Amino acid sequence: MAVAVPPFETFYEAHNEEVFRFLGRRLGRERAEDAFQETFLRALRAYPRLEHGEHLRAWVLTIASRIVVDLARRQRPQGELPELATEDGRPAFEELAPLTEALPPKERAAVVLRYGYDLGYDEIGAALGSTEAAARQAASAGVRKLRKEQQ
Amino acid sequence: MSETLSPVLDERFRAAAAAEGLLDVAYDILPDTAIGALLVGVSERGVCRITFDPDPERELEQLARLHGPRVLRVSKSVERVRIELDEYLDGRRRHFDVEPDIRVVPEFHRVVLEELAQVEYGSTTTYGALAAKTGHPRAARAVGTVMHRNPVPIVLPCHRVVGANGSLTGYGGGLDRKELLLRLEGAIL
C-alpha cells in the first residue's frame, strides 16, 4: 500500500531546514528567505493533489530548484541557467542527472521526476508550477531530445 | 551557523500559509491554560478541535484524516479562541463567540451537539433529557457516546451533561476537569 500523505506540519518540520540550506547555498541568505516561503507555499498549494507520501523530500527539493531557476531566469534572461540538481542520493536520479544535463530546466526536471522518482504527471505539474498536460509534454520532449542525442 | 532557519522566517511562512487560506486546519498547543495543556484547531469556519493533554503526533494524523492534510501550527490563527478560553476559564466570559465547526461529525452526533449548544452556562442537563430533546428519548447511552467524542469540548459544553442521579458520570478530559468547569460556572458547589 502507498504511504499516506502525512499532515503538512510533519512534512514541513522534516524538510524545512534542508530546503533552507539548499536555497542558501544557491541564492545566498537574503534571497533564500523569500524563496523558502515561496517553496513551501507552492508545496502547500499542490499538497492536496498528492496521491501518496513517497519521495516527498525529492519533491520539495525539486520545487525549490524550480524556484531557483525561476529567479535566475528573471535576473539574467539570456544568461546561463543554474544546474537543476537536488541533493538526493537515489541511484535513479544519479544516473539521470548527468544524462539530462543538456536539457532545458523544465524538461530536465520533468524527465528526472518521472523516470528517476516515478512521480505522476499531476504531481510533476504541481511541482513545476504548471499543469499535468504541460508536465507530460515537457517529459516527452526531454525524452525525444535524449534519444536523438544518443543516436 | 548562519544557515539555519530563523524562527522569524518560520513564523512568517506559517502566517502566510494561513493568510492565503491554504490550510485545512491551523492549530496550536496552549501548554498552560487554567485547565492544563490544550490543543486548539481552527478551520475557515471556526473552531473544529479542542483536545486535553494532546499527543501531537496522533492528533495531527487525526486532524489530517478528518479535515484534509494541510494541517499546520499557526499560533496567530488560534489567537481568538485562546483569548476566549482564557476569559472563560477566568470567569469573565459566559458564552463563546467563536463558532464551532462540526461538519465532520456524523449526522446524529451533529443533531445532539447542536442541542448541547443550547445548554446554558451554569446549568446542567442529563444524558436522557438531551436524548429526549433530539426526539430519541431512549438514546441516553448514544448521547453519552456523542459527548465522549465531542470534537470541541468546553466550547460545546459536554461538561454540563450529568447522570440522572446527579453523579458527574464521565468526561473525556477526566472527571477532575468536569468538576472544575462546573464549579467555575457555579453549577455545583
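Letters A, B, ... are given to chains in the order of the sequence lines, protein chains preceding strands, and every chain is numbered from 1. For clarity, every value in this text was computed on a predicted model and none was experimentally measured.
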How about A:Q137: does its CD atom have over 12 heavy atoms from other parts shown lying under 6.0 Å from it?
no
Is there a donor-acceptor contact under 3.5 Å from the side chain of A:E17 to the main chain of B:L5?
yes
Using heavy-atom distances under 4.5 Å, tell me whether A:E13 contacts chain B through its side chain, its backbone, both, or neither.
side chain
Scored by heavy-atom pairs under 4.5 Å with chain B, the best of A:V19, A:D34, A:L50, A:L23 is A:D34
Over 12 foreign heavy atoms within 6.0 Å of CZ, B:R45
no
Could you check whether B:R70 pairs with A:E9 (Lys NZ or Arg NE/NH1/NH2 to Asp/Glu carboxylate O, under 4.0 Å)?
no
Tell me, out of B:P56, B:G68, B:A16, who's got the most heavy-atom pairs with chain A below 4.5 Å.
B:A16
Would you mind telling me which of A:F11, A:F8, A:Y47 makes a side chain to side chain contact (heavy atoms under 4.5 Å, CB included) with B:P69?
A:Y47
Mind telling me whether A:F36 and B:F13 have parallel, tilted or perpendicular rings, with 30° and 60° as the class edges?
perpendicular
Linking I/L/V/M/F/W/Y whenever their side-chain heavy atoms sit closer than 4.5 Å, directly or via other members, would B:V111 and B:V161 fall into one cluster?
no
Same hydrophobic cluster for B:V152 and B:I29, using side-chain heavy-atom links shorter than 4.5 Å among ILVMFWY?
no
Spell out, yes or no, whether B:I83 and B:V81 are grouped together once hydrophobic residues are joined by side-chain heavy atoms under 4.5 Å, including indirect joins.
no
Quick check: are there more than 12 heavy atoms from other residues, nucleotides or ligands sitting under 6.0 Å from CZ of B:R183?
yes
Give the member of B:R73, B:R65, B:R12 that has the highest number of heavy-atom pairs under 4.5 Å with chain A.
B:R12
For residues B:V42 and B:V98: do they belong to one hydrophobic cluster (side chain heavy atoms under 4.5 Å, members Ile, Leu, Val, Met, Phe, Trp, Tyr)?
yes
Does any donor atom in the side chain of A:Y12 or B:D10 lie under 3.5 Å from an acceptor atom in the other side chain?
yes
Atom CZ of residue position B:R92 - does it have more than 12 heavy atoms of other residues, nucleotides or ligands inside 6.0 Å?
yes
State, with a plain yes or no, whether a side-chain heavy atom of B:E57 is found less than 4.5 Å away from one of A:P7.
no
Interatomic distance, B:L72 atom CG to A:F40 atom CZ [nearest 0.5 angstrom]:
10.5 Å
So, taking the atom named CZ in B:R14 and the one named CG in A:L44, what distance separates them when rounded to the nearest 0.5 Å?
11.5 Å
At what distance, to the nearest 0.5 angstrom, does CD of B:E20 lie from CZ of A:R45?
5.0 Å
Tell me whether A:E51 at atom CD has more than 12 heavy atoms from other residues, nucleotides or ligands lying less than 6.0 Å away.
no
Can you say whether B:L63 sits under 4.5 Å from chain A via the side chain, the backbone, both, or neither, judging by heavy atoms?
neither
